[in-house]
Q: 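Can you read through this structure? Questions will come right after.
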Number of protein chains: 2
Amino acid sequence: MSGTDQTDVPARRPTRQRSAVLAALEERDGFCSAQDLHAQLRARGDAVGLATVYRALQALVEDAQVDVLRGGDGEAVYRRCSTVHHHHLVCRSCGRTVEVADAPVERWAARVAAEHGFAEVEHQVEVFGICADCATAR
Amino acid sequence: MSGTDQTDVPARRPTRQRSAVLAALEERDGFCSAQDLHAQLRARGDAVGLATVYRALQALVEDAQVDVLRGGDGEAVYRRCSTVHHHHLVCRSCGRTVEVADAPVERWAARVAAEHGFAEVEHQVEVFGICADCATAR
DNA sequence: CTTTGTGCAAAGGCTTTGCATGCTT
DNA sequence: AAGCATGCAAAGCCTTTGCACAAAG
């Protein structure tokens, strides 16, 4: 049906709000919730409705430009996809996050999935702990 | 302060509801949401209030008898802690879960955390994919 | 001009909390 | 008898959805 089309995804229409959300997400360069982004945008002067933030984030997730993940309290947190796949080490106390390379985990996940005949594998790995600063501050 | 006490946790009072929740959780032997447990208990004839299920689960989590984890839709899922730590391989299509040993991941998480000075490490790993049955059924 | 995106407000689902009552200690 | 646990219902929070209007193609 779609003869010469190169993509299957319906064309997204570039708008001020859409790019504002993506820009805000890149500034943060880490995890942030939809509500955080909304507050950040309003503070900056970019008026964007909360529902629009959610819709923009959903679109970005579908287009694989943004990853979504559930925080410990059930709030969804989003992060700009980086070209290289990696995971996060999150401090339970101060919230600081460190990106960690994951070649071993990547291989482990692929192997385990293959052993059980699973395809289209994705994995979700987050490591939580108390960072050195917070540990000494106790 | 607590002289001869062996534990710091306030004593839990054993009740019919409390044990019913734990029993239901053990029967399932996998993930289930609070709402699932509540439905299961009512179906079985054990009348337990939904709020009580939530409170019992919170207590069990605090006492480290149960692990909690957020599902993709934000619903919290609980599982009885097993003596051996393991993770799950979940089929996105039929929901079947396979327990997988995780020695390599365990070591990886510990090493990565140590390299960055993190203490009291916990990790959360779930692998998602399409199982063989669902793949051939397509 | 047609289609898609936006804003506002209402609805929806899961979870937590307040308060009176019952059960455990 | 004192105190935690329970039940019910109401409130809370994050997120999604309906509808009219504005903007993009």
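Naming convention: chains lettered A, B, ... in sequence-line order (proteins, then strands); numbering from 1 in each chain. Here the structure is a predicted model, which is why all the values come from computation and not from measurement.
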Q: From CZ of R12(A) over to P of dG25(D), roughly how many Å is that when rounded to an integer?
A: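 Rounded to the whole Å, the gap is 15 Å.
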Q: Side chain of E75(A), heavy atoms from C-beta onward: which of dG7(C), dT15(C), dT15(D) has the nearest atom to it?
A: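 The listed nucleotide nearest to E75(A)'s side chain is dT15(D).
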Q: Considering residues at least two apart in sequence or located in another chain, which fulfil the salt bridge (Lys or Arg N to Asp or Glu O under 4.0 Å) criterion with R42(B)?
A: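 Result, salt bridge (Lys or Arg N to Asp or Glu O under 4.0 Å) vs R42(B): none returned.
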Q: For A76(B) and L50(A), take the nucleotide of DNA chain C holding the closest heavy atom to each; which residue's nucleotide lies nearer the 5' end?
A: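 Residue closer to the 5' terminus by nearest nucleotide: L50(A).
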Q: How would you list, by chain and number, every residue that makes a side-chain hydrogen bond (donor to acceptor under 3.5 Å, both in side chains) with D36(B), sequence neighbours excluded?
A: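 side-chain hydrogen bond (donor to acceptor under 3.5 Å, both in side chains) check on D36(B) returns S33(B).
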Q: On the nucleotide dT6(D), are OP1 or OP2 found under 4.0 Å from the side-chain N or O atoms that R18(B) carries?
A: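 Yes, within the criterion.
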Q: Identify all pairs in which a protein N or O lies below 3.5 Å from an N or O of nucleotides 17-25 of chain C, and state each distance.
A:
| residue | atom | partner | partner atom | Å |
| --- | --- | --- | --- | --- |
| dT24(C) | O2 | R13(B) | NH1 | 3.2 |

Q: Mind checking side-chain hydrogen bond (donor to acceptor under 3.5 Å, both in side chains) for R107(A) and listing every partner two or more places apart, or none if nothing turns up?
A: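 By the side-chain hydrogen bond (donor to acceptor under 3.5 Å, both in side chains) rule, R107(A) matches no residue at all.
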Q: Can you list the residues that meet the side-chain hydrogen bond (donor to acceptor under 3.5 Å, both in side chains) rule with Q58(A), with sequence neighbours excluded?
A: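 Checked Q58(A) against side-chain hydrogen bond (donor to acceptor under 3.5 Å, both in side chains); zero matches.
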Q: Using the salt bridge (Lys or Arg N to Asp or Glu O under 4.0 Å) criterion, which residues pair with D46(A)? Sequence neighbours excluded.
A: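 For D46(A) the salt bridge (Lys or Arg N to Asp or Glu O under 4.0 Å) partners, ignoring immediate neighbours, are R44(A).
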Q: Give the rounded distance in Å between these two atoms: CG of D73(A) and C1' of dC14(C).
A: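 Value for this atom pair: 13 Å.
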Q: For A47(B), which contact category applies under a 4.0 Å heavy-atom criterion: base, sugar-phosphate, or nothing?
A: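 Sugar-phosphate contact only - A47(B) comes under 4.0 Å of backbone atoms but never of a base.
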Q: Answer yes or no: is there a donor N or O on one side and an acceptor on the other, between the side chain of H38(A) and the main chain of G49(A), under 3.5 Å?
A: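 It does not hold such a pair.
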Q: What residues from residues 33-41 of chain B pass a heavy-atom cutoff of under 4.0 Å to DNA chain D?
A: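 Result for residues 33-41 of chain B: none.
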Q: Which residues pass the side-chain hydrogen bond (donor to acceptor under 3.5 Å, both in side chains) test with R13(A), sequence neighbours left out?
A: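 R13(A) satisfies side-chain hydrogen bond (donor to acceptor under 3.5 Å, both in side chains) with no other residue.
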Q: May I have the distance from D63(A) (atom CG) to dG5(C) (atom P), rounded to whole angstrom?
A: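 So the two atoms are 11 Å apart, to the nearest Å.
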Q: Write down the distance between CD (E62(A)) and P (dG5(C)), rounded to a whole number of angstrom.
A: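 The distance from CD of E62(A) to P of dG5(C) comes to 11 Å, rounded to the nearest Å.
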Q: What does the inter-axis angle of the helix from dC1(C)-dG25(D) to dT25(C)-dA1(D) come out as, five pairs per end, nearest 10 degrees?
A: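 Terminal axis comparison yields 30°.
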Q: With sequence neighbours excluded, what pairs up with Q65(A) under the side chain to side chain contact (heavy atoms under 4.5 Å, CB included) test?
A: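 If we apply the side chain to side chain contact (heavy atoms under 4.5 Å, CB included) test to Q65(A), skipping adjacent residues, the hits are L22(A), L60(A), D63(A), R80(A).
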Q: Using side chain to side chain contact (heavy atoms under 4.5 Å, CB included) as the criterion, list what pairs up with R18(A), not counting sequence neighbours.
A: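 So R18(A) forms a side chain to side chain contact (heavy atoms under 4.5 Å, CB included) with R12(A), T15(A), A56(A), A59(A).
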Q: I'd like to check the side chain to side chain contact (heavy atoms under 4.5 Å, CB included) partners of A109(B); sequence neighbours left out, ordered by chain and number.
A: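 Scan of A109(B) (side chain to side chain contact (heavy atoms under 4.5 Å, CB included), adjacent residues dropped) gives V127(A), H123(B).
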Q: If you look at every heavy atom in L37(A) and A24(A), which pair is closest and at what distance?
A: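 Shortest heavy-atom separation between L37(A) and A24(A) comes out as CD2-CB, 3.7 Å.
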